[in-house]
Amino acid sequence: MINATDVSGFLGRRRGRSGPDWSDWLAYAYLAMGVLVVLLPIFWMFMSSIKSPRALVENDPRLLPYEQLTTPSQDGARRLGVFVWTRPDGTQADVAFVGPRGINARVFDLARPDEVIEVPRSQLTRKDIVQPRFENYTEPTIGSTQSRNFNFLRYFWNSTFVTVVATLLTLVVNAMAAFALSKYKFRGRDAMVIVIVSTLLIPPTVILVPLFITVSSLGMLNSLWGVIIPAIATPTGVFLLRQYMLTIPDELLEAARMDGASEWKIFWRIMLPLSMPALSVLAILSVMWRWNDFMWPLIVLTQSEVFTLQLGLSTFKGELNDNMHHLLAMTVLTLLPVTLVFVVLQKHITTGIANTGLK
Amino acid sequence: MADVTAPSPAGPARNPVGWLWGKLGDALDGPFGALQAHIGANRMAYVFLLPNVLVFGVFSFWPMLLNFYIAFTGGQSVILADRPFVGLDNFRELLDCPSWLDPKTCPVSGFSFWTGVWNTLFFAVVQVPIMIVVALATALVLNRDIRARGFWRAVYFYPVMLSPVVVAVIWDWVLKRRGILNALLEDGVGAWNWLMSFYVGRLSFFLFGAFLFDCLLAMVFGRKPNSWSNRTRLIAAISLVLIYISVFGTAAGSFTLPEYRPINWLIDVRSGWPMFWVIFVYTWGHLGFYMLILLAGLQAIPKDLYEAAEMDGTSRSRAFWRITLPLLMPTMIVVLVLSLIRAFQVFDEVYVLTGGGPGQATKMIIQHIYESAFIGDAKRYGIAAASSVLVAGLLLLLTLAQLAATRKKAGG
Amino acid sequence: MATLELRQVTKSFGATNVIKGIDLSIDHGEFIVFVGPSGCGKSTLLRMIAGLEQVSTGEVVIDGDTVNDIPAAARGLAMVFQSYALYPHMSVRQNLSFGLENLKTPKPEIERRVAEAARMLRMDQLLERRPGQLSGGQRQRVAIGRAVVREPRVFLFDEPLSNLDAELRVQMRVEIGALHQRLGNTMIYVTHDQVEAMTMADRIAVLKDGRLEQFGRPLDLYNRPANLFVAGFIGSPRMNFLGGTVKGADGAGVTLALDAGGEVAVPCRQEGAAPGLKVKLGVRPEHIQLVEPGVADVMLSVSLTEQLGGESYLHGQLASGEALSVRLTGQTAVSRGDTVGLRLAEPALRHAFDAGTGQVLQPLV
């Protein structure tokens with residue numbers, strides 16, 4: 001942040017010149033284009049998520065949630081689509097579509113509902129209005145027509161449980177280990193640190209099968225604990241916390257020891273509060289990992305009542321069904337918590353991750 | 001710093017979190033204190049390490065060893081005792097085929113394995129350089145004297161926060177046959193053809209294009225805009241020729257495009273588009289992270305270096321090649337290692353987006369491992385484990401090669 | 001009552017011996033300063049007394065009890081750290097009461113002691129602040145206050161003033177002295193600054209390379225240094241050392257032939273001062289007098305004069321090439337390039353050291 005202003009010299013704009021010049025505008029144009037690429041798909045999906053099922057089935061490419069205006073039939077039993085009838089003389093009228101007859105359509109003018117007339121279909125265009133459909137959100141969550149295949153609240157609870165419990169355990173377990181590895185001298189400490197750092201390089205994806213067999217032999221298949229426990233001892237976390245704790249002066253611990261604090265108390269009352277910056281980075285990372293985790297839950301959890309949101313979504317997407325409106329709405333709900341956290345803690349997250357260089 | 005403190009003895013706790021924190025610590029102090037009295041303060045280090053070592057041992061270290069054993073066993077049981085030892089059979093099944101380069105010649109498992117290997121290699125080799133270049137360009141632009149840097153940075157980083165499943169759902173929706181991309185392209189082609197049908201349109205287009213091109217070069221190499229170099233003259237000449245052709249040389253409409261037909265981006269088998277979009281979507285989701293790290297690296301370069309270079313009369317492009325890039329090298333290596341290792345493990349986005357299809361066009365190696373072990377009636381854990389061993393070996397080689405390269409660089 | 005005794009205490013880290021056998025006995029209520037150059041082991045020694053470092057061999061005895069295996073907190077000591085080591089996430093009040101809470105002291109008692117310490121150290125107004133909001137001097141007081149509330153048997157100070165600027169340092173020196181007067185506790189104070197040691201201590205322990213060089217009252221160290229090291233370390237500006245040889249010795253003292261020419265008599269015992277022994281003559285700059293060349297012991301060719309108004313310094317070389325400094329009261333007319341005659345102090349103020357062992361040749365009185 002500090003030197004960015006001055007470093008800028010090398011890429012165009014010179015210091016001391018007032019006002020932005022052409023290369024600045026080009027830079028802004030580049031950034032704006034990137035922002036479009038990032039945000040437009042998300043925005044498009046959000047706009048689609050408030051469209052009616054029919055608009056989705058018809059693949060209406062318009063951004064806004066258009067829906068055909070409807071009106072009750074004469075007997076009130078059905079709802080009829082409304083069209084704009086452009087007469088040969090150019091005048092227009094809103095008409096309700098009653099039914100087809102050959103190449104013509106039987107319609108009635110909304111102003112004169114009793115008089116059914118026949119007009120050529122080519123003279124009719126749909127009358128669309130912007131009509132956001134929020135039922136897409138309420139139906140699978142609190143509505144009575146809760147989707148049989150997609151138990152959103154259940155999945156949401158499972159995801160939340162996994163995320164919160166796993167993050168708390170990760171923080172405590174890794175902080176304890178980091179404390180031991182940064183503030184005590186004991187036999188094998190350096191070897192331990194090397195082992196932990198080198199496992200940073202071992203991809204967890206290559207131990208899928210043996211891990212699955214281990215978890216299954218411990219009876220943790222189809223249990224959220226089977227998702228939570230295996231990854232709480234993350235080398236990333238130990239590494240990150242240890243690096244931070246090394247910067248906390250030993251004299252503080254000695255002062256606490258002179259003050260009669262037990263080792264546990266030193267950990268809990270001195271080390272943890274002082275490691276807050278590193279702990280919060282790890283907490284954010286852990287929340288991100290756990291909330292977004294897909295492959296490991298996919299392997300451990302096979303029954304839908306223990307699905308996490310990500311599993312539910314991907315399964316739901318895989319099934320060829322006509323519930324696209326629910327899928328999109330639930331996708332929005334899934335990305336919403338992460339987005340809110342990001343909006344609130346944006347600065348903290350970006351600087352924290354930039355400083356640690358770990359994801 | 002968060003307000004997690006001991007409660008003030010002066011009165012009731014001002015901060016309920018702090019109070020709870022203190023109480024929880026005191027409650028746990030009982031057993032831990034007793035333990036400490038028993039074993040001594042120094043051995044408490046082992047107590048603090050224990051939970052981590054236990055979890056790490058059972059769920060990381062032990063599986064790593066177990067993987068080798070499973071790779072040499074067959075059958076479908078998850079109970080180790082029930083798995084017959086088959087020696088090198090699994091490896092033979094994966095590796096024993098006429099040509100590794102042509103997976104179709106291999107038996108079923110080998111076919112799946114080698115398809116995954118080549119797809120993953122292709123993916124990594126194409127995706128990583130593209131992503132690093134774009135990330136670096138974005139970081140360089142953000143490192144300029146830009147307004148609202150925090151906002152831009154946040155927006156570019158935002159997709160990193162999204163889950164792979166969500167990313168895949170979003171892009172699946174965008175890339176549908178009647179999705180927004182096809183709609184935009186249709187409009188774009190229409191607009192282009194409209195523009196092309198006018199001479200004036202052509203003229204302005206080429207002028208504009210030449211201008212843009214020159215501006216781009218100037219932005220990248222930091223040339224001053226008002227000095228007419230040979231390059232700019234050349235560009236001007238070329239654009240004049242192009243304008244001549246467009247005005248006199250061809251009939252109107254020769255530059256117009258045929259009517260746009262929507263493409264089935266993720267399903268069109270022979271087009272290569274599915275792999276393109278897999279790479280694009282993965283890059284979309286991860287770019288921000290590497291951009292952030294590179295930006296941090298750029299900002300860590302001391303500004304005096306640029307001031308000294310300016311005093312020495314160093315041109316900006318030279319400053320970029322001789323100061324920025326060398327000083328950014330450590331960060332670049334971190335970025336390269338991280339992104340390569342992750343690219344080789346790509347699974348989530350691709351699996352949800354294309355399921356490895358169409359056919360096997362985007363099937364990655366991890367998907368092969370996953371499907372061998374967990375999909376279908378035959379749970380071939382042995383094949384999956386053997387594949388894992390091979391992949392781990394490959395990754396190890398890669399890491400070692402990179403370490404060697406890094407050391408060589410550092411040494412030289 | 002709190003007495004402290006070190007019996008043949010040693011400390012080694014792996015193969016390196018940091019403390020090489022130290023015996024020391026401290027009476028109740030004494031203010032003891034450990035002084036020595038950096039790396040001499042003074043801080044390690046203090047930390048061994050505190051219980052922060054294990055004693056390798058030997059015994060640390062407090063009030064007659066060996067405390068080698070008693071953990072730091074249970075020794076009844078309090079320590080003020082060089083960096084103050086205030087808990088940055090706690091208020092001043094919490095910093096002061098943390099230790100007492102650990103000892104399960106009753107709440108009213110904690111409040112009483114904190115209030116008393118705050119009053120004594122004039123930090124009543126600061127109790128609710130965090131250490132980060134305090135100035136250097138205030139932090140120093142809080143660190144001392146944290147020791148005071150513990151009502152320890154012995155106070156330990158580990159270079160507590162090294163982070164303060166010169167003015168504050170003098171002020172805090174006075175305050176710590178006053179605190180000692182008032183509490184009357186035994187205090188052990190570690191510093192590398194011999195001025196601090198001289199001004200504050202009842203007795204000074206001079207350490208070098210893990211050994212105790214001399215232990216005694218400040219003026220004893222100044223007047224009767226036991227060896228070359230103490231002689232050079234105590235006193236500012238530093239004592240001059242001139243090479244020489246014992247020419248003769250009798251009951252009245254020893255006669256030295258200086259390398260720089262001339263002879264001087266030193267009133268010390270003749271035992272161990274056999275003629276021909278290589279010695280170092282030690283003379284403090286403030287004891288050297290300017291005299292006529294005719295009666296001078298040595299001649300100094302002046303290469304630099306420093307005029308401070310109230311006093312002046314001459315620096316130069318003797319005929320032997322040895323450097324020598326002289327402190328004169330008042331101002332001087334001597335300038336660079338002059339050669340002046342010097343009288344190397346009154347005989348009683350001369351010190352002679354065995355050049356081989358560095359030990360002093362014992363004075364007669």
Side-chain angles (χ1 to χ4, degrees), chain A residues 3-12 22-23 26-27 30-31 35 38 41 44-45 59 61 173 176-177 179-180 184 186 201 203 205-207 209-211 213-214 216 230 232-233 262-265 268-269 273 276 292 294-295 299 310 313-314 317 331 334-335 338 342 346 350 354 357 359, chain B residues 1-2 4 25 29 32-33 36 41 44-45 48-49 51-52 55-56 59 63 66-67 78 141 143-145 152 154-155 157 161-166 169-170 173-174 178 180 183 215 219 222 225 289 292-293 296 299 303 306 316 319-320 345 347-348 352 366 373 381 384-385 388 391-392 399:
Chain A
N3 38 25
T5 323
D6 311 78
V7 172
S8 69
F10 89 94
L11 250 188
W22 61 276
S23 69
L26 211 59
Y30 174 83
L31 290 176
V35 166
V38 167
W44 158 249
M45 188 200 55
N59 282 318
V173 167
M176 281 168 75
F179 177 46
Y184 291 89
F186 55 88
L201 299 173
T205 42
V206 302
I207 54 167
V209 173
L211 186 52
I213 286 179
T214 307
S216 99
I232 59 173
S262 67
E263 301 302 305
W264 172 260
K265 208 156 193 174
W268 195 260
R269 295 284 292 273
M276 250 336 161
N292 294 341
F294 176 65
M295 184 163 57
I299 289 166
Q310 312 298 340
L313 270 186
S314 76
K317 174 181 177 291
T331 307
T334 307
L335 70 82
V338 178
F342 184 62
Q346 178 267 120
T350 45
K359 186 180 73 163
Chain B
M1 181 159 298
V4 183
D29 195 27
F32 278 101
Q36 183 183 336
M44 285 301 284
F48 283 117
L49 266 179
N52 204 290
V55 174
F56 182 77
F59 295 105
L66 194 59
N67 198 41
V78 293
V141 171
N143 196 34
R144 290 165 56 96
D145 189 5
W152 302 108
V155 170
F157 185 76
M161 302 286 296
L162 301 179
S163 82
V165 177
V166 166
V169 172
I170 291 172
W173 188 240
V174 167
R178 294 287 310 264
I180 195 168
C215 285
M219 184 179 75
F289 173 69
L292 200 62
I293 293 186
Q299 300 196 338
K303 61 177 178 181
Y306 294 100
R316 287 182 204 144
F320 174 76
Q345 298 179 70
F347 172 73
D348 298 2
V352 183
I366 300 295
Y381 298 121
S388 297
V391 172
T399 313

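Reminder, nothing fancy here: chain letters follow the sequence lines and each chain counts from 1. All values below come from the heavy atoms of this structure, side chains included, with hydrogens, waters and symmetry mates left out.
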#### Entry: Least distance between heavy atoms, A/A180 atom then B/A45 atom
CB-O, 3.4 Å
### Message
If we define contacts as heavy-atom pairs under 4.5 Å, which of A/T334, A/V338, A/I299 has the most with chain B?
### Response
A/I299
### Task
Go through the atoms of B/F347 and report whether side chain, backbone, both or neither lie under 4.5 Å from a heavy atom of chain A.
side chain
### Query
What's the shortest heavy-atom distance between A/P230 and B/V55, and which atoms?
O-CG1, 4.1 Å
### Message
Please give me the minimum heavy-atom distance between A/I207 and B/F59, naming the atom from each residue.
### Response
CD1-O, 4.0 Å
## Note on the structure
Most contact-rich option vs chain B, by heavy-atom pairs under 4.5 angstrom, among A/M176, A/K265, A/M45, A/M295, is A/M176
### Task
Give the minimum heavy-atom separation between B/M161 and A/N292, together with the two atoms involved.
O-ND2, 2.8 Å
### Message
Please rank B/L49, B/V391, B/L66 by heavy-atom pairs under 4.5 Å with chain A and give me the top one.
### Response
B/L49
#### Entry: Side chain / backbone / both / neither for A/Q310 at chain B, heavy atoms under 4.5 Å
both
### Task
List the atom of B/A385, the atom of A/V209, and the distance in Å for their closest heavy-atom pair.
N-CG2, 4.2 Å
### Message
Only pairs of heavy atoms separated by less than 4.5 Å count here; which of A/L31, A/V35, A/L313 has the most with chain B?
### Response
A/L31
### Query
Between B/I170 and A/L335, is any pair of side-chain heavy atoms under 4.5 Å apart?
yes
### Message
I need the B/N52 CG to A/I232 CD1 distance, nearest 0.5 Å.
### Response
8.0 Å
### Task
Could you list the residues that satisfy ring-ring contact (aromatic ring centres under 6.0 Å, His included) with B/F56, not counting sequence neighbours?
none
### Message
For the interface with chain B, which of A/Y184, A/F186, A/F342 has the highest count of heavy-atom pairs at distances below 4.5 Å?
### Response
A/F342
#### Entry: Worked check of side-chain contact (heavy atoms from CB on, under 4.5 Å) between A/T331 and B/W173
CA-CA 11 Å; A/T331 307; B/W173 188 240; over 6 Å; no
### Task
Taking the side chain as every heavy atom from C-beta outward, state whether B/F32 and A/W268 have any atom pair closer than 4.5 Å.
no
### Query
Would you say the side-chain atoms of A/K317 pair up with the backbone N or O of B/V169, donor to acceptor, closer than 3.5 Å?
no
### Task
Return the option, out of B/P164, B/A154, B/A373, B/A183, with the maximum number of heavy-atom pairs under 4.5 Å with chain A.
B/A154
### Query
Side chain, backbone, both or neither: which part of A/T350 has a heavy atom under 4.5 Å from chain B?
both
### Query
Given that the side chain runs from C-beta out, which part of B/I366 has a heavy atom under 4.5 Å from chain A: side chain, backbone, both or neither?
side chain
### Query
Just by distance, do the side chain of B/Q36 and the backbone of A/E263 share a donor-acceptor pair under 3.5 Å?
yes
### Task
Please look at A/F179 and chain B and tell me whether the side chain, the backbone, both or neither of the residue comes under 4.5 angstrom of a heavy atom of that chain.
side chain
### Task
Could you tell me which portion of B/A392 (side chain, backbone, both or neither) has an atom closer than 4.5 angstrom to a non-hydrogen atom of chain A?
both
### Which residues share a side chain to side chain donor-acceptor pair (under 3.5 Å) with A/W264, sequence neighbours left out
none
